[in-house]
Each structure stands twice: as structure tokens, then as C-alpha cells.
Amino acid sequence: MNNINVNISISDTPWDSKIFGVKTYEVSFTSNDNLEQSIKEVIKSKKYGHYTVKIDPLFSKEILHKFGFYYCDSLIEPFCVRGNFIDYFDKAISLSQNVGLDKIRDICNSAFSHGRFHRDFNIPKSLASERYTQWLQDLWDQNQVFTLMYHDEVAGFFAFLDSKILLHALDESFRGKGLSKFFWSSACRELFKSQKLTELTSSISACNLPVLNLYISLGFKFRNPVDVYHWLYQE
């Protein structure tokens with residue numbers, strides 16, 4: 001982490017750099033004055049790369065536009081305390097952690113068109129998809145992925161870390177059939193039970209209405225909205 005001053009930090013995101021082939025960074029700050037100072041120091045030092053800023057929706061975007069940042073997404077945080085969880089049960093649905101990663105990798109490749117990197121015109125969509133596939137691989141290596149099963153057939157995956165739901169998707173053949181709430185219920189039920197959690201959280205694009213409605217159906221509420229801006233600083 002490279003501190004610009006006490007109120008600004010620019011953090012390397014090497015997991016994204018590895019995929020996109022350029023240095024990638026995330027900027028955090030507390031005021032517009034601090035943000036402007038940081039951007040000027042980046043330009044002065046020729047710290048080339050791809051930058052992400054997550055900013056309060058009510059915060060002025062003037063300085064971001066001044067330096068060439070562009071809007072990519074708005075994120076919200078779904079959260080559900082255990083007592084508010086609405087559970088849907090289907091005996092045909094089960095979870096597995098014994099199915100090979102190859103069985104779900106292709107599902108991941110085509111599942112995240114709402115993601116901010118897929119919406120970034122400076123990032124090839126093939127690399128945006130590869131980013132999610134690599135993320136799934138990393139979570140798989142940490143044993144943080146449930147394979148969603150319908151009878152004996154692989155239907156999708158549900159990846160998490162502690163109490164945070166990170167990645168989830170169904171195979172195209174299972175979409176649009178009203179099954180999502182049963183699959184997600186099964187995974188959430190297991191997390192609440194096996195890890196003795198009191199709350200689950202996630203992060204989704206505000207434009208991803210199917211997933212937003214899915215979370216609502218399970219008893220989740222929403223908080224902490226942020227707008228996401230990107231900036232490609234290059235020679």
C-alpha cells in the first residue's frame with residue numbers, strides 16, 4: 001500500500017494485474033481535496049495503470065471527470081441476519097464440495113456480464129471473464145465453493161469467504177425456471193448452520209435486477225451503496 005497522505009491510500013490489486021497485463025490499483029480517500037492531490041501525484045510520478053475508485057453516490061464526481069475517470073457501476077451490499085432469512089426447500093437440491101472445478105468453470109465464463117470489468121470499454125470482455133474464472137479458482141483452492149446439484153446433475157456454484165457471499169451462478173439450462181431461490185437457500189442455510197453465522201453479506205451491481213430480486217426473496221435488505229469509477233492512465 002502506497003500512502004499519498006494520511007487520508008489517501010493507493011493499494012495494489014495484483015490479482016487483477018495478473019489477468020489484465022497492466023498494473024491495477026484501488027484508491028480510497030476521505031475528501032475531494034485529498035483525491036485531487038493523489039491523482040496529481042500519480043500523474044507526476046507516471047504511475048501508469050488501471051485505477052478503481054469506489055465513491056459515495058452523493059459525493060461530487062467533478063474531480064474524477066476532470067482527470068478522465070469514467071463511470072462503470074453502482075454497487076450495493078445485500079445483508080441478512082439469521083432471523084430474517086426466508087428459507088425455500090427442494091429435496092432435489094443438494095450441495096457438494098467433491099465435484100471437480102472443471103464441472104463449473106464454463107458456467108463462470110459466461111455468468112458475469114453485469115460486472116464492472118465487463119462494462120469497462122478499456123477491458124476486453126474475454127479478460128473480464130477470465131478475472132472471474134481466476135477468482136473462482138482461488139476460492140476453490142481455499143475450499144470456499146459449493147457446487148450446486150440438482151439430483152445428480154451439476155447446476156451451478158456458490159462461492160463465499162467467511163460470511164461474505166462472493167460469486168454465484170447457475171448453468172444456463174437451469175436459469176429462468178424459478179429454481180434460484182431454492183439453490184441459494186440451500187447454500188445460505190448451510191453457511192448459517194455450519195459456520196454459526198449471525199449475518200450474511202454480499203455485493204451486487206444495482207443494475208442486476210434478477211439477483212437483486214433473488215436476494216429480496218430470501219429476506220435480504222440493502223445498505224452501503226457506492227459508485228465505481230475506473231481510470232486507465234497510460235503513456
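Between Ala111 and Ala169, the shortest heavy-atom distance links the atoms CB-CB, 3.5 Å. The nearest pair of heavy atoms linking Phe160 to Asn143 is CZ-O, 4.5 Å. Annotation for Ile55 and Ser60: closest pair CD1-O, 3.9 Å, computed over non-hydrogen atoms. Closest approach of Tyr233 to Lys47, counting heavy atoms only: CD2-O, 3.4 Å. Heavy-atom minimum distance, Leu197 versus Ser163: CD1-CA, 3.8 Å. Nearest heavy atoms, Gly156 versus Ile104: O-CG2, 3.8 Å.
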(message) Assess the residue pair Glu199 and Phe79 against the criterion (side-chain contact (heavy atoms from CB on, under 4.5 Å)); give the C-alpha distance rounded to whole Å, side-chain angles, the decisive distance to 0.1 Å, and a yes or no.
(response) CA-CA 7 Å; Glu199 181 180 83; Phe79 71 99; 3.7 Å; yes
(message) Does Asp90 form a side-chain contact (heavy atoms from CB on, under 4.5 Å) with Leu179? I'd like the steps, not just the answer.
(response) CA-CA 9 Å; Asp90 185 330; Leu179 292 171; 4.3 Å; yes
(message) For a side-chain contact (heavy atoms from CB on, under 4.5 Å) check, start with the C-alpha distance between Phe182 and Phe89, then their side-chain angles and the critical distance, and finish with the verdict.
(response) CA-CA 6 Å; Phe182 296 99; Phe89 179 76; 5.7 Å; no
(request) Could you go through the side-chain contact (heavy atoms from CB on, under 4.5 Å) check for Gln137 and Gln134 one step at a time? (result) CA-CA 5 Å; Gln137 171 76 65; Gln134 183 58 55; 3.9 Å; yes
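Looking at Trp231 and His50, their side chains never come closer than 4.5 Å, going by heavy atoms from C-beta outward. Side-chain contact check for Lys40 versus Gln37: every heavy-atom pair is 4.5 Å or farther apart. Between Leu191 and Phe158 the shortest side-chain heavy-atom distance falls below 4.5 Å. The closest side-chain heavy-atom distance from Leu170 to Ile107 is not below 4.5 Å. When side chains are defined from C-beta on, Trp140 does not count as touching Phe157, because their heavy atoms never get closer than 4.5 Å. In this structure the side chain of Leu35 reaches within 4.5 angstrom of the side chain of Val27, judged on heavy atoms. Side-chain contact between Val42 and Phe67 is absent, with no heavy-atom pair separated by less than 4.5 Å. Side-chain contact between Ile76 and Ile204 is present, with heavy atoms from C-beta onward closer than 4.5 Å.
Residue pairs meeting the side-chain hydrogen bond (donor to acceptor under 3.5 Å, both in side chains) criterion with at least one member in residues 74-88, sequence neighbours excluded: Tyr71-Ser74, Ser74-Asp227, Glu77-Arg223, Glu77-Asn224, Asp87-Arg189.
Of the listed residues (His114, Arg119, Arg116), just one forms a side-chain hydrogen bond (donor to acceptor under 3.5 Å, both in side chains) with Asp73, and that residue is Arg119.
A salt bridge links Glu36 with Lys66: at least one charged nitrogen is closer than 4.0 Å to a carboxylate oxygen.
With hydrogens and angles left out, the side-chain atoms of Thr133 and Asn109 include a donor and acceptor closer than 3.5 Å. Asp16 and Tyr25 share no donor-acceptor pair across their side chains, judged by distance under 3.5 Å alone. Using a 3.5 Å distance cut-off with no hydrogens or angles, the side chains of Ser96 and Asn98 do not pair a donor with an acceptor.
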Validation: residues 215-222 side-chain donor-acceptor distances under 3.5 Å, sequence neighbours left out:
| residue | atom | partner | partner atom | Å |
| --- | --- | --- | --- | --- |
| Tyr215 | OH | His168 | NE2 | 2.9 |
| Tyr215 | OH | Ser202 | OG | 3.1 |
| Ser217 | OG | Leu214 | O | 2.6 |

Between side-chain atoms of residues 144-155 and protein atoms elsewhere (two or more places apart, or another chain), which donor-acceptor pairs fall under 3.5 Å?
| residue | atom | partner | partner atom | Å |
| --- | --- | --- | --- | --- |
| Gln144 | NE2 | Gln142 | O | 3.3 |

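Taking the six-membered ring where the residue is Trp, His118 and Tyr132 present parallel rings, their angle staying beneath 30° rather than reaching 60°. The aromatic rings of Phe85 and Phe192 sit tilted, their planes meeting at an angle between 30° and 60°.
Residues Tyr51 and Tyr70 are members of separate hydrophobic clusters, defined by side-chain heavy-atom contacts under 4.5 angstrom among Ile, Leu, Val, Met, Phe, Trp and Tyr. At a threshold of 4.5 Å between side-chain heavy atoms, the hydrophobic network of Ile, Leu, Val, Met, Phe, Trp and Tyr places Trp15 and Phe112 in two separate groups. Following chains of ILVMFWY side-chain contacts shorter than 4.5 Å, one cannot reach Phe117 starting from Leu167, and the two form parts of different hydrophobic clusters. Criterion: ILVMFWY side-chain heavy atoms under 4.5 Å apart, direct or through other members. Under it, Tyr48 and Ile39 are part of a common hydrophobic cluster. Leu232 and Val53 fall into different hydrophobic clusters, where Ile, Leu, Val, Met, Phe, Trp and Tyr side chains are chained together by heavy-atom contacts under 4.5 Å.
Within the 3.5 Å criterion, the main-chain N or O of His230 finds no donor-acceptor partner in the side chain of Thr52. Using modelled atom types, no side-chain atom of Ser205 and backbone atom of Leu75 make a donor-acceptor pair closer than 3.5 Å. Between the Asp162 side chain and the Lys164 main chain, no donor and acceptor come within less than 3.5 Å of each other. In this structure a side-chain-to-backbone donor-acceptor pair under 3.5 Å is missing from Asp12 to Pro14. Put simply, the side chain of Lys177 gets close to the backbone of Ser173: a donor and an acceptor are under 3.5 Å apart.
Between Asp120 atom CG and Cys72 atom SG the span is 4.0 Å, to the nearest 0.5 Å. Taking OG of Ser126 as the start and CD1 of Ile19 as the end, the distance is 10.5 Å to the nearest 0.5 Å. Taken from CZ in Phe20 to OG1 in Thr13, the straight-line distance is 8.5 Å, to the nearest 0.5 Å.
Within a 6.0 Å radius of CD in Gln97, other residues, nucleotides and ligands contribute more than 12 heavy atoms.
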